[in-house]
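Okay, structure first, notes after.
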Protein chains: 2
Amino acid sequence: MAGTDGKPVIGTMEELSAAIGVSRPTLSRYFQDPGRVSRASAERIRRGLERVDYTPNFFATRMNRRSTGMIGVIIPYLNDLHFTKLLEAIEVAAMEAGYTVITQCSHSSPEVEARAAETFLSMNVDGAVVAPLGNSSDLDAHERLNARLPLVLVDSRPRTLEHVDFVGSDHPQSTGLIIDYLCRLGRPPVFLAMPRVNFNALEREAAYTARMEALGHVPEIVGTEAVEKDWHFEAHGHAVMDREFARGTLVDRSILCVNDRVAIGALCAAARHGLEPGARRRGGLRIAAHDDYPLGPYTVPSLTTVAQDVDSIGKAAVSRLVAKIRGDRGASAHLVQLFDGALRVRDSA
Amino acid sequence: MAGTDGKPVIGTMEELSAAIGVSRPTLSRYFQDPGRVSRASAERIRRGLERVDYTPNFFATRMNRRSTGMIGVIIPYLNDLHFTKLLEAIEVAAMEAGYTVITQCSHSSPEVEARAAETFLSMNVDGAVVAPLGNSSDLDAHERLNARLPLVLVDSRPRTLEHVDFVGSDHPQSTGLIIDYLCRLGRPPVFLAMPRVNFNALEREAAYTARMEALGHVPEIVGTEAVEKDWHFEAHGHAVMDREFARGTLVDRSILCVNDRVAIGALCAAARHGLEPGARRRGGLRIAAHDDYPLGPYTVPSLTTVAQDVDSIGKAAVSRLVAKIRGDRGASAHLVQLFDGALRVRDSA
DNA sequence: GCGTGCAATTTACACGCGTCAAATATAGAC
DNA sequence: GTCTATATTTGACGCGTGTAAATTGCACGC
């Protein structure tokens, strides 16, 4: 069998050994680190590899190594740029640290999420970074993962997993930031929440309430019930605000949306009702949110929000995981690392 | 060692065999298909597994099986909901067909893309679905992949890989659809293109030109040069149209954007210049696009576009791949499967 | 020429499980 | 009770590579 490049395809190290006249174990060492064989052998092997098409078998190499050099990543959804940004940061950081990343997506299903965790265990990954699904997650599965390998949770932090290392955003800080900004320029904001399926959403809701009370304002929350069956973030934001605006309520308020995707729906509802949210119209409708979704600068009007430092979160999670894998001192202690949000003032509030 | 659930952790089948009194080969057969052992043994094993924590080693199981039951998927970017939708369709279809999906993202890098292909070869995946990066792809790597295992390309089709099976959209059809619609309601559209890094973009541009000429109109194309360094789709659409609108050009034209993300940038530019694109304003500015990006319904105004049937494309790609893996008759012939686009008339055009 | 010390290589075994041929258990017929 | 046919189980070997121990090769000094 020959590849299209004409090189003969070689299946095993044994064959390769015969083909270029170097013993198999020497080849094994060469592939792990060319510096571990003599200069002469390395050169000979290199020249040999130019003439044939061979890659060591992924499974056989991983089976016996102390370390597989792989880390597993689980994210809940793919259809959300917030998570894809996070995943990208994690993958890049892991690649730079020399790890092979195996990504699994829960696709909103606790069963799939639990199965992914099992897969990682059976693959002997060196460690795992998990962004949990939320309330519906199979927490036992995460618990088992944590018991058997280095694990770092990111983005969202289930209450029963508070003893697991976590890297995420400081929601009281970030939410406080945008609330203070909104209060400084106008009436205290109403919170556009969402059904309680997500820890981050809950944390932000709680942070909103706390901050409002600290400022002496009365918290007002809308949208905790699902207005539509099979709702998505944008659809939810649109449905809730469409209902409000149709009633003539909230049309002159500041709305703080639980996240940017909900805000996109809210902005759409505002436009449909002829409303023009914006900071420049004092006393009028303003819409702000949380996350800094990549499309925020391009909504109409562009979206005022508070940015999560997703890039740093991804990097920090990997760096923490690598430390745990290497058994660095300090890595056995429990760590919670929270990043500050940053205000992004644009046109919508 | 014991998991948090208290079950003793068992590392190998050998140990499990000793623990529950069934021979190891019988266990092996049980894990492949419980139906292949006697009812009595299956029951005994099931009860045994309730008392201990064991999962077969992923690598060891895959190493010797004729089929690894895995398919590899490569997508170019994560920060694009079009690709995540495609990936989701592929993953779900593959899971339903009983395959484990290994996803690798090229992260815009031809080297990473080529390495992913090599990884799949070394993992003995049963087959691969690849959405190529584009012009910059290492086509040799894809060629090698195609020579050594069942391969289906999706979404984008490099010229030099025309002999490889492909599943995607019929761009002449879909582009024709939206052009005809635009012409029916107003002036023939100008095409807002993008730098030539992507085969789909090129195909759509060519389809635009062909259709316009067939209708007796003169094609007008803007935006093929990168206006900003380090451009992204939305930024590109915004930059090009901002420049045009600032000059006072194109303000009363129909603009057909190469894809929805570019259109989002264009809509934003329009709003900044006080323009209100829409179908109801005859003779005025209209903006339409291609893809049916999930946010299209929530832009302001909502985006008229032509939908790619991403779901069907993903399913068809997997179904084709599975046929090739199984060696179904007909699967050895070359296949190109194109799906029609569907018009989504909304407010922007 | 011969031993010495060190680096490089090779030998030999291990890893965890798939698989097949051979052995055993089971059921049924007489 | 024996015998046959069939369903199950098991022993033994192999997969492609990692790795520790044993061996070889080499340069050097006497």
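Proteins come first, then strands; the chains are lettered A, B, ... in the order of their sequence lines, and each starts at number 1. Being a predicted model, the structure only gives us computed values, none of them experimental.
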Check: Does any residue of residues 12-25 of chain A have a heavy atom under 4.0 Å from DNA chain D, and if so, which ones, in number order?
Finding: A:Thr12, A:Met13, A:Arg24, A:Pro25
Margin query: Whether the side chain of A:Asn64 and the base of D:dT17 hold a donor-acceptor pair under 3.5 Å is what I'd like checked.
Written below: yes
Next item on the list: Starting from P on C:dC20, measure out to CZ on B:Arg29 and report it in whole angstrom.
Entry: 11 Å
Check: Counting any heavy atom closer than 4.0 Å, what does A:Phe58 reach on the DNA or RNA strands: base, sugar-phosphate only, or nothing?
Finding: nothing
Notebook entry, point to check: Of B:Tyr54 and A:Arg36, whose nearest nucleotide on DNA chain C comes first from the 5' end?
Noted result: A:Arg36
Check: Just by distance, do the side chain of A:Arg29 and the backbone of A:Arg36 share a donor-acceptor pair under 3.5 Å?
Finding: yes
Note to self: In this structure, how many angstroms lie between the C1' atom of D:dA7 and the OH atom of B:Tyr30, rounded?
What the structure shows: 19 Å
List, one per line, each side-chain donor-acceptor pair under 3.5 Å for residues 88-98 of chain A, sequence neighbours excluded.
from, atom 1, to, atom 2, distance (Å)
A:Glu91, OE1, B:His107, NE2, 2.5
A:Glu91, OE2, A:Thr103, OG1, 2.8

Notebook entry, point to check: Between C:dA14 atom P and A:Arg62 atom CZ, what is the distance in whole Å?
Noted result: 24 Å
Check: Base, sugar-phosphate, or nothing: which does B:Thr61 touch, judged by heavy atoms less than 4.0 Å apart?
Finding: sugar-phosphate
Margin query: Short of 4.0 Å, heavy atom to strand atom, which residues of residues 115-125 of chain A count as contacting DNA chain C?
Written below: none
Notebook entry, point to check: Are the side chain of B:Ser17 and the backbone N or O of B:Val22 linked by a donor-acceptor pair below 3.5 Å?
Noted result: yes
Next item on the list: Would you kindly compare A:Arg66 and A:Thr55 by the position of their nearest DNA chain D nucleotide and give the one closer to the 5′ end?
Entry: A:Thr55
Item checked: Nearest-Å distance for atom pair CG/P, residues B:Asn57 and C:dG16 -> 7 Å
Next item on the list: For B:Leu27 and C:dG18, give me the distance from atom CG to atom P, rounded to whole Å.
Entry: 10 Å
Check: Which nucleotide in the set C:dC17, D:dA20, C:dG18 lies at the smallest distance from any side-chain heavy atom of B:Arg65?
Finding: C:dG18
Check: Angle, rounded to 10°, between the helical axes spanning five pairs at each terminus of the helix from C:dG1-D:dC30 to C:dC30-D:dG1?
Finding: 50°
Identify every side-chain donor-acceptor pair in residues 315-325 of chain A under 3.5 Å, counting partners at least two apart or on other chains, and give the distances.
from, atom 1, to, atom 2, distance (Å)
A:Arg320, NE, A:Asp165, OD2, 2.7
A:Arg320, NH2, A:Asp165, OD2, 2.8
A:Arg320, NH2, A:Ala331, O, 3.2
A:Arg320, NH2, A:Ala333, O, 2.8
A:Lys324, NZ, A:Leu151, O, 3.1
A:Lys324, NZ, A:Asp165, OD2, 3.2

Next item on the list: Could you check which residues of residues 37-46 of chain A get a heavy atom under 4.0 Å from DNA chain D? Sort them by number, please.
Entry: none
Checklist line | Nucleotide nearest B:Gln32 when distance is taken to its side chain, options C:dC15, C:dT19, D:dT17 | finding: C:dT19
Checklist line | Between C1' of D:dG18 and CZ of A:Phe59, the distance in whole Å | finding: 17 Å
Item checked: Distance in angstrom units between A:Ile10 CD1 and D:dG16 C1', rounded -> 14 Å
